[in-house]
Structures are given as structure tokens and as C-alpha cells.
Amino acid sequence: MSNRTFTMIKPDATQNGHTGGILAMINEAGFRIVAMKTTQLSAEKAGEFYAVHKERPFYGELVAFMSRGPITAAILEKSNAVEDFRKLIGATNPAQADEGTIRKKYATSIGENAVHGSDSDENAAVEGAFFFSKLEQF
Ligand code: GDP
């Protein structure tokens, strides 16, 4: 079990002014911020990040959405980070997300769902390295 996960505050939440609220929920849940930056993905970079979904019908929509505005990317640390963060963000579809989760509070649809959270330790490491060099992780 690794103690790190990776997150992005997606363009919908950024545009709606929820970055501060989401970071507060992350802090209150006991995660430490190891690295963080605000940036904007090109369509090419968004496509690369979500390459695993290339064959899914929503891939084009997902790439357009994720590259349409700024995001905040972060590496987070806590014991059992991947699983605990997935619990904190809630179900992919906010209509199915539990009370008290980030997506319940801030997501608007299954596509525009406010935050990303890695689904495994392996992907957390790959996704963190996509945005941050070792020198940018504290
Ligand atoms: P996650 O791990 O909960 O983020 O969900 P997935 O790995 O299944 O999907 C990745 C992302 O693709 C989701 O967070 C959504 O932003 C997007 N997505 C998933 N399903 C749909 C869908 O049916 N329609 C659209 N437009 N986007 C979707």
C-alpha cells in the first residue's frame, strides 16, 4: 500500500470558483499536499492523460472538457491515500455520490464531476509523474 495519490481539480470546478472549497475538504480529510500546480492541458496532453479511455464513447467529450480551462493538479499524502481519496471524492456520477463527498457538493454531471482521483497506487505514481518532477515533490 502506497501513501500517495494524485488529484486534479477539473475545469468545471475551477471555472465555478470551487478550488478553495475543494482544497479545504482535502485538508480537513487529513491529506498533506506534496506538490501542487495550476495549469491548462492542451487537447493533446489531456488525450494522453486519459489514453486508457480512448475506446470509450465519451473520450472526445472528456478530452474537450479537460482541456477547455485551467486545472489544479496535486499529489496528496496520507495513509491508505488512494482508497481514502476515492471515498472522499465519491461516485463518478454525482447523482450517486454519498453526502459529504466532494462530487456530491461540487460536481454537476457524470462528465463534469469536479475532481479526478487515481484508482490504484500504480496509476497514482504514473499520473503524479505526468505533472511533477521529483524536484517538485516535497
Ligand atoms: P472516475 O475514476 O470516477 O473519474 O471515472 P472513470 O475512470 O470511469 O472516468 C474518467 C472520467 O471520464 C470521469 O471522471 C468523467 O469525467 C468522464 N466520464 C466517465 N463517464 C462518462 C460519461 O458517461 N460521459 C462523459 N461525458 N464523461 C464521462
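Excluded from the calculations below are hydrogen atoms, water molecules and symmetry mates; all remaining heavy atoms, backbone and side chain alike, are included. Numbering of ligands and ligand atoms starts at 1, following listing order.
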Please list, one pair per line, the donor and acceptor atoms closer than 3.5 Å that link side chains of residues 13-36 to other protein atoms, with sequence neighbours excluded.
| unit_1 | atom_1 | unit_2 | atom_2 | d |
| --- | --- | --- | --- | --- |
| T14 | OG1 | K10 | O | 3.0 |
| T14 | OG1 | P70 | O | 3.1 |
| Q15 | OE1 | R68 | NE | 3.1 |
| Q15 | OE1 | R68 | NH2 | 3.1 |
| N16 | ND2 | D12 | O | 3.1 |
| R32 | NE | E77 | OE1 | 3.0 |
| R32 | NH1 | F138 | O | 2.9 |
| R32 | NH2 | E77 | OE1 | 3.0 |
| R32 | NH2 | F138 | O | 3.2 |

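Not one N or O on the side chain of R103 forms a donor-acceptor pair closer than 3.5 Å with the backbone of A114. Between the N113 side chain and the T92 main chain, a donor and an acceptor come within less than 3.5 Å of each other. Side chain of R86 to main chain of D119: no donor-acceptor pair is present (N/O by atom type, distance under 3.5 Å, no hydrogens or angles). Listed for the Y59 side chain is a donor-acceptor partner under 3.5 Å among the backbone atoms of G47. Within the 3.5 Å criterion, the main-chain N or O of S67 finds a donor-acceptor partner in the side chain of Q40.
Atom 9 (O) of ligand 1 has H53 NE2, 3.6 Å as its closest protein atom, hydrogens excluded (heavy atom only). Ranking protein heavy atoms by distance to atom 17 (C) of ligand 1, first place goes to L62 CD1, 3.7 Å. When hydrogens are left out, the protein atom nearest atom 16 (O) of ligand 1 is G111 O, 2.8 Å; that is the closest non-hydrogen contact. Protein heavy atom at the shortest distance from atom 26 (N) of ligand 1 is E61 OE1, 2.7 Å. Protein heavy atom closest to atom 4 (O) of ligand 1, with residue, atom name and distance, is R103 NH2, 3.1 Å. Of all protein heavy atoms, the one closest to atom 8 (O) of ligand 1 is R56 NH2, 4.0 Å. For atom 2 (O) of ligand 1, the nearest non-hydrogen atom of the protein is R86 NH1, 2.8 Å. For atom 13 (C) of ligand 1, the closest heavy atom belonging to the protein is N113 ND2, 3.6 Å.
No part of M8 comes within 4.0 Å of ligand 1, judged by heavy-atom distances. With a 4.0 Å cut-off on non-hydrogen atoms, M66 does not touch ligand 1 at all. At a heavy-atom distance under 4.0 Å, only side-chain atoms of K10, from C-beta outward, approach ligand 1. By the criterion of a heavy-atom distance under 4.0 Å, both the backbone and the side chain of T92 are placed next to ligand 1. When non-hydrogen atoms are compared, ligand 1 lies under 4.0 Å from neither the backbone nor the side chain of H116.
For Q96, the side chain to side chain donor-acceptor pair (under 3.5 Å) criterion is met by no residue, not counting sequence neighbours.
Note that CZ of R4 and CD of Q137 are 5.5 Å apart. Values are rounded to the nearest 0.5 Å.
Proximity of I110 to ligand 1 is established by a heavy-atom distance of less than 4.0 Å.
A distance of 6.0 Å or more separates the ring centres of F130 and F6.
Ranked by closest heavy atom to atom 21 (C) of ligand 1, the top entry among Y59, Y50, F58 is F58.
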Where do T7 and E127 land on the side chain to side chain contact (heavy atoms under 4.5 Å, CB included) test, with the steps shown first? CA-CA 9 Å; T7 187; E127 292 169 0; over 6 Å; no
